[in-house]
Amino acid sequence: ASGSGTIITQPPPPAATRESRIATHSHIKGLGLADDGTAMESSQGFVGQRMAREALGLHLSLLRQGRHSGRPVLLVGPPGTGKTALAVALSQELGSKVPFCGMVGSEVYSGEVKKTEVLGSCFRRAIGLRIKETKEVYEGEVTELTPSEAENPLSGYGKTISHVIVGLKTVKGTKQLRLDPSVYEAIQKERVVVGDVIYIEANTGAVKRVGRSDAYASEYDLEAEEYVPLPKGDVHKRKELVQDVTLHDLDMANARPQGGQDIMSVMGQLVKGGRTEVTDKLRREINKVVDRYIEQGVAELVPGVLFIDEVHMLDMECFTYLNRALESPMSPYVVFASNRGITTIRGTEYDGGYGGEGIRSPHGIPVDLLDRCMIVKTEPYARGEIRTILETRCRVEGIQVAPAALDRLADEGEKSSLRYALQLLTPSSIVARTAGRTEVSLEDVAQLEDLFLDTKRSTLVLKDLDANTKRY
Ligand code: ADP
């Protein structure tokens with residue numbers, strides 16, 4: 001399809017692993033800054049860490065003025081001090097549909113894929129493309145959804161869907177459509193029920209559920225539900241559709257075997273490990289089409305945020321790649337994080353020229369890249385801040401915790417780490433529920449501390465073990 005100069009722009013479903021990595025930051029909605037740029041004590045899910053938030057706020061205004069010119073931010077601070085949360089907040093401040101990609105430096109050593117390939121795909125996950133197209137659609141609130149069955153024409157046994165009747169309503173009028181079984185499939189995939197607002201693309205039959213009609217708002221009060229007004233205008237109309245995808249989505253959608261979506265090709269893919277190959281050639285072709293879309297005003301680039309944690313795990317080859325990628329006009333905003341001080345830059349150890357010692361540099365980053373970074377530090381949290389963060393997470397996860405239990409968790413957070421305290425939340429709620437209680441008690445937390453160690457205690461265990469084995 002790339003030969004004809006068009007590409008598939010329907011994004012494939014997102015990968016579950018990367019999604020879940022961001023899930024622990026779902027309470028973070030932004031940097032929580034006042035109009036004058038000062039950080040509020042607790043706002044938009046953010047608590048404390050005010051200097052870092054204000055620094056990122058300033059950086060954000062440079063980005064908005066288009067004056068970042070490839071300057072990454074480097075966040076330095078101990079684990080669990082909100083470095084990832086800050087990067088997530090930065091992307092949210094840039095806009096709700098701005099992509100965010102988080103990775104850890106060590107991810108590049110997968111063995112199967114080239115290091116720069118891993119980096120490259122993360123870069124493309126962090127670059128968005130907003131595509132605007134005017135399309136002919138049928139849009140409205142679903143008033144009727146009736147599939148019609150018929151005898152199976154092939155075997156004569158069983159029933160198949162012959163067509164489906166869909167009633168759509170707008171402020172202006174109603175329309176009844178008789179549609180193909182394939183559209184019915186699409187309707188089912190989107191889990192459309194009567195009372196939902198949907199649109200159907202006239203040419204492709206693609207179905208999109210917009211949300212639940214707000215006429216039903218009082219009936220079902222699920223918090224997850226998004227209510228939308230009854231569409232205006234006619235059911236059948238031309239509508240500007242805005243689609244947000246990442247360059248990585250486009251790579252994946254177009255790397256799929258095309259045309260041959262039959263069972264054999266799907267099986268073949270499974271046998272090969274289900275990996276589809278995105279070649280540099282494919283990326284170049286996609287870039288070409290993207291460039292043309294931009295020129296024609298059909299699409300615009302939306303740079304997102306690429307967060308690289310434990311940046312000291314990257315090696316010289318990766319840093320060389322990064323330096324080049326940051327210069328590209330298609331670059332996301334990059335945020336590095338590290339909790340290391342002066343350390344050897346990976347990949348320089350065996351280089352004869354450095355006496356086998358390797359080059360040592362702050363945070364294991366080569367100085368030329370370091371020079372371009374805006375460095376921001378994060379501070380360990382005080383007990384009160386840890387308590388507030390825990391409280392916030394409880395609210396988001398719908399966990400009720402007794403004040404005494406929360407105090408105990410806050411103590412744990414201060415003693416070992418915020419991460420450890422946060423990790424105890426979900427299991428302690430399960431322990432409570434199993435015991436038939438709705439609220440997590442002090443005992444539940446105490447029980448879990450015995451079951452799961454923090455790193456201080458786990459290293460102690462091994463020290464004791466060492467001492468004992470030496471004795472015998
Ligand atoms: P780091 O990247 O520095 O190791 P994280 O950002 O992963 O730390 O923080 C650990 C957890 O604590 C995450 O769930 C994060 O959302 C939350 N968190 C960290 N700092 C704050 C803060 N200042 N306010 C609210 N939540 C925070």
Side-chain angles (χ1 to χ4, degrees), residues 17-34 38-57 72-93 100-107 122 305-314 334-341 363 373 375-399 401 406 409-429 452 454-455:
T17 47
R18 274 180 204 279
E19 291 284 301
S20 61
R21 221 183 264 167
I22 310 178
T24 59
H25 307 284
S26 58
H27 60 289
I28 302 285
K29 304 289 181 219
L31 289 166
L33 303 175
T38 54
M40 289 178 266
E41 181 47 43
S42 168
S43 169
Q44 293 192 297
F46 241 114
V47 181
Q49 212 61 267
R50 289 161 87 158
M51 292 275 272
R53 283 157 61 198
E54 289 177 11
L56 280 188
V73 172
L74 169 61
L75 298 173
V76 293
T81 50
K83 298 187 292 297
T84 316
L86 284 164
V88 169
L90 182 68
S91 78
Q92 280 162 335
E93 293 281 355
F100 174 86
C101 176
M103 69 171 290
V104 185
S106 53
E107 259 180 71
C122 284
V305 172
L306 171 60
F307 176 68
I308 307 182
D309 205 356
E310 293 179 24
V311 60
H312 51 265
M313 290 300 293
L314 298 179
V334 176
V335 179
F336 298 124
S338 177
N339 54 14
R340 290 289 168 86
H363 319 293
C373 289
I375 306 179
V376 176
K377 72 168 177 183
T378 58
E379 310 262 12
Y381 292 116
R383 186 180 175 285
E385 291 168 331
I386 293 177
R387 198 176 190 279
T388 315
I389 295 171
L390 283 162
E391 253 176 330
T392 311
R393 279 313 298 178
C394 288
R395 224 174 311 127
V396 170
E397 293 184 34
I399 301 173
V401 182
L406 199 61
L409 283 168
D411 289 341
E412 276 305 323
E414 195 185 21
K415 230 174 27 189
S416 57
S417 74
L418 169 63
R419 287 241 182 118
Y420 176 62
L422 284 168
Q423 273 165 10
L424 291 179
L425 271 186
T426 311
S428 61
S429 78
F452 301 114
D454 60 48
T455 47

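Quantities reported herein were computed from a predicted structural model and do not represent experimental measurements. Numbering of ligands and ligand atoms starts at 1, following listing order.
Looking only at heavy atoms of the protein, atom 11 (C) of ligand 1 is closest to Leu422 CD1, 3.4 Å. What sits closest to atom 14 (O) of ligand 1 on the protein, heavy atoms only, is Thr24 O, 2.9 Å. The protein heavy-atom contact nearest to atom 2 (O) of ligand 1 is Thr84 OG1, 2.5 Å.
When the heavy atoms of Lys83, Gln44, Gln423, Arg50 are ranked by distance to atom 3 (O) of ligand 1, first place goes to Lys83.
Judged purely by atom type and a 3.5 angstrom limit, Tyr420 uses its side chain to pair as donor or acceptor with the backbone of Phe452.
Residue contacts with ligand 1 for Thr392 are absent, since no atom lies close enough (heavy atoms, distance under 4.0 Å). The part of Arg419 lying near ligand 1 is the side chain, judged by heavy-atom distances below 4.0 Å. Within the 4.0 Å heavy-atom criterion, neither part of Thr378 lies near ligand 1.
Close approach to Phe46 involves these atoms of ligand 1, each under 4.0 Å from a residue heavy atom: 22 (C), 23 (N), 24 (N). Numbered from 1 in the order shown, with element, the atoms of ligand 1 that lie under 4.0 Å from a heavy atom of Pro79 read 4 (O). Atoms of ligand 1 found under 4.0 Å from any heavy atom of Leu418, numbered from 1 in the order shown, are 12 (O), 19 (C).
Residues Leu56 and Val73 are in side-chain contact: their nearest non-hydrogen atoms beyond the backbone lie under 4.5 Å apart. Between Val335 and Ile308 there is no side-chain heavy-atom pair separated by less than 4.5 Å. At least one side-chain heavy atom of Glu385 sits under 4.5 Å from a side-chain heavy atom of Glu41. In this structure, Asn339 and His312 have side chains that are in contact, with non-hydrogen atoms separated by less than 4.5 Å. Leu86 is not listed as a side-chain neighbour of Phe307, based on a closest heavy-atom distance of 4.5 Å or more.
Residue Tyr381 places at least one N or O, backbone or side chain, under 3.5 Å from an N or O of ligand 1. Considering backbone and side-chain atoms together, Val47 places an N or O closer than 3.5 Å to an N or O of ligand 1. Considering backbone and side-chain atoms together, His25 places an N or O closer than 3.5 Å to an N or O of ligand 1. At least one N or O atom of Gly82, backbone or side chain, sits closer than 3.5 Å to an N or O atom of ligand 1. Backbone and side-chain nitrogen or oxygen atoms of Thr81 are examined, and one is located within less than 3.5 angstrom of a nitrogen or oxygen of ligand 1. Here's the thing with Ala85: one of its N/O atoms is less than 3.5 angstrom from an N/O atom of ligand 1.
Residue contacts with ligand 1 include His27, since one of its heavy atoms falls under 4.0 Å from the ligand. Close to ligand 1: Gly80, with a non-hydrogen atom less than 4.0 angstrom away. Contact between Gly45 and ligand 1 is present, with at least one heavy atom of the residue lying under 4.0 Å from the ligand.
The heavy-atom pair separating Gly102 from Glu107 by the smallest distance is O-OE2, 4.4 Å.
In this structure, CD in Glu391 is found 11.0 Å from CG in Leu425, a value given to the nearest 0.5 Å.
Other residues, nucleotides and ligands contribute more than 12 heavy atoms inside 6.0 Å of the CZ atom of Arg383. Within 6.0 Å of atom CE in Met40, more than 12 heavy atoms from other residues, nucleotides or ligands are found, so the atom counts as buried in its surroundings.
Using modelled atom types, one finds no donor on one side chain facing an acceptor on the other under 3.5 Å when comparing Ser106 with Glu310.
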When you look at Ser26 and Arg393, which way does the side chain to side chain donor-acceptor pair (under 3.5 Å) test go after all the steps? CA-CA 9 Å; Ser26 58; Arg393 279 313 298 178; 3.2 Å; yes

